[in-house]
Number of protein chains: 2
Amino acid sequence: MDVGGTLYALRTQRGLSQRELARRCGVANGTISLIESNAINPSVGLLRQIVNALPMNLSEFFAFEHLEERKLFYRASELREIGGKGISYRQIGTNLNGRALQMLNEVYAPRTDTGKTMLHHTGEEGGVVISGEIEVTVADQRTILGPGDAYYFDSHLPHRFRNIGQEPCHIVSAATPPSF
Amino acid sequence: MDVGGTLYALRTQRGLSQRELARRCGVANGTISLIESNAINPSVGLLRQIVNALPMNLSEFFAFEHLEERKLFYRASELREIGGKGISYRQIGTNLNGRALQMLNEVYAPRTDTGKTMLHHTGEEGGVVISGEIEVTVADQRTILGPGDAYYFDSHLPHRFRNIGQEPCHIVSAATPPSF
DNA sequence: AACCCCTGTTCATTATAAAAAACACTTCAA
DNA sequence: TTGAAGTGTTTTTTATAATGAACAGGGGTT
């Protein structure tokens, strides 16, 4: 169900960059990127070429994919990074297709912000601040949350998170259904 | 190395026609044909869709592919039919990629013929007539072979096989390297 | 024979994958 | 601070997969 996530997990497990893997299997690095983000549906021949460079065969690759689907426990290093630009979102599980829940281990670097244009999507979300402080705006309400504080709201409401402090802010959050 | 042959083996093993399989997985029947003849390199998603209808998962599919590569023994029903039009060529092994030899169990129906335009390709070939009679033409030589008789020639020479009798003609042949 | 239903193959069109290059960003060293 | 080398992403073009329809043959009925 998730060729991209599986490839990502296996590649990073081996400490390879997309370009390094691309070089080893003779595939364009952009193609690896597109496959990992599930933006394209690679051919069997191409996937075989890539997977062989891990090195691994296709049977093992798809067996691993099934293992991932039934995975229960995750080491800190296995959480999938889906953030960027000073905001780290480390997701529990690489493939959330068909799952009800998306859990994130979030770290906002000082002075980072989810953006002036408010976020909104279907579902509900909640979280607990572990350390640091975060300014949370939801619709017409705004507050600053510190360690132990929490939030919970309908994701339809426009929302924004901003770390206006000097320390990184660490939050553990959950959303249903997964939104990206 | 041989997605097409593997799919063919699994499909026929289950007694399914290409169209029946196509119907079950929602894929065009022509696509199944092209995949089995290795004329196209299917996407992972499409192969998954097809393989699931067997039913089977991709890990099992590719594990089977590896088994096939190491297969030593073949039941009569497992020989792959690559002939047509009254001439049956039943090949030993579905995937001859990288193999040195192509062995065929051939049956020429009465009045069948490899064609007026002579065959020629690289390699050498030989065979033994098991039953029936066959007219064999190689370059400027022609003869009729019966049970126990045999032939061996360089495949570059133009050649033609013709069953001019009333009975089916059964031949066991070998060619190196495999030519199709 | 004429028809129907099945088989697998082939072709023209459309959709999409793959490559190559440009892009945006980070890190490190000069 | 500037440049070089690394990261992953995105875009444009080209190649190719996938579809749907047409094709050609096989087997059985009427």
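Note that the coordinates shown come from a computational prediction; the quantities given were computed from them, not determined experimentally. Because only heavy atoms are used, hydrogens play no part in the values below, and waters and symmetry mates are left out as well, while side chains stay in. Just so it is clear: chains get the letters A, B, ... in the order the sequence lines come, proteins before strands, and each one is counted from 1.
Hydrophobic clustering, defined by side-chain heavy atoms of Ile, Leu, Val, Met, Phe, Trp and Tyr closer than 4.5 Å, leaves Leu67(B) isolated from every other such residue.
We find that CD of Glu81(A) is positioned 17 Å from P of dC25(C), with the value rounded to whole Å.
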Would you list the atom pairs, donor with acceptor, under 3.5 Å between side chains in residues 129-141 of chain B and any protein atom, with sequence neighbours excluded?
from      : atom 1 : to        : atom 2 : distance (Å)
Glu135(B) : OE1    : Arg162(B) : NE     : 2.9
Glu135(B) : OE1    : Arg162(B) : NH2    : 3.3
Glu135(B) : OE2    : Arg162(B) : NH2    : 3.2

Show which side-chain atoms of residues 24-32 of chain A pair as donor or acceptor with protein atoms under 3.5 Å away, not counting sequence neighbours.
from     : atom 1 : to       : atom 2 : distance (Å)
Arg24(A) : NE     : Glu20(A) : OE2    : 2.7
Arg24(A) : NH2    : Glu20(A) : OE2    : 3.1

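Under the salt bridge (charged side-chain N to carboxylate O under 4.0 Å, His left out) criterion, Arg80(B) pairs with no residue at all, not counting sequence neighbours. Taking Leu58(A) as the reference, Val44(A), Leu47(A), Arg48(A), Val51(A), Phe62(A), Phe62(B) meet the side chain to side chain contact (heavy atoms under 4.5 Å, CB included) condition, with sequence neighbours excluded. Checked against side chain to side chain contact (heavy atoms under 4.5 Å, CB included), Glu124(B) has the following partners two or more places apart in sequence or in another chain: Tyr152(B).
Contacts between chain A and DNA chain D, taken as any atom within less than 4.0 angstrom of a protein heavy atom, begin and end at dT7(D) to dT10(D).
Within residues 36-47 of chain A, the residues having any heavy atom closer than 4.0 Å to DNA chain C are, in order of number, Ile40(A), Asn41(A), Pro42(A), Ser43(A), Leu46(A).
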Derivation of the side chain to side chain contact (heavy atoms under 4.5 Å, CB included) call for Phe64(A) and Gln13(A): CA-CA 12 Å; Phe64(A) 184 87; Gln13(A) 205 175 75; 3.9 Å; yes
Residues Ile171(A), Tyr151(A); criterion side chain to side chain contact (heavy atoms under 4.5 Å, CB included); working and verdict: CA-CA 10 Å; Ile171(A) 299 174; Tyr151(A) 63 88; 4.1 Å; yes
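Between the axis at the start and the axis at the end of the helix from dA1(C)-dT30(D) to dA30(C)-dT1(D) there is an angle of 10°, using five pairs per end and rounding to 10 degrees.
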Strictly under 3.5 Å: I want the nitrogen or oxygen pairs between protein and nucleotides 5-7 of chain C, one per line.
from   : atom 1 : to       : atom 2 : distance (Å)
dT7(C) : OP1    : Ser17(B) : OG     : 2.6
dT7(C) : O4     : Arg19(B) : NH1    : 3.3

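Sorted by first and then second residue, the side chain to side chain donor-acceptor pair (under 3.5 Å) pairs involving residues 49-62 of chain A (not counting sequence neighbours) form an empty list. Pairs passing the salt bridge (Lys or Arg N to Asp or Glu O under 4.0 Å) check and including a residue from residues 105-114 of chain A, sequence neighbours excluded, read Asp113(A)-Arg160(A).
For dG8(C), neither phosphate oxygen OP1 nor OP2 lies less than 4.0 angstrom from any side-chain nitrogen or oxygen of Ser33(B).
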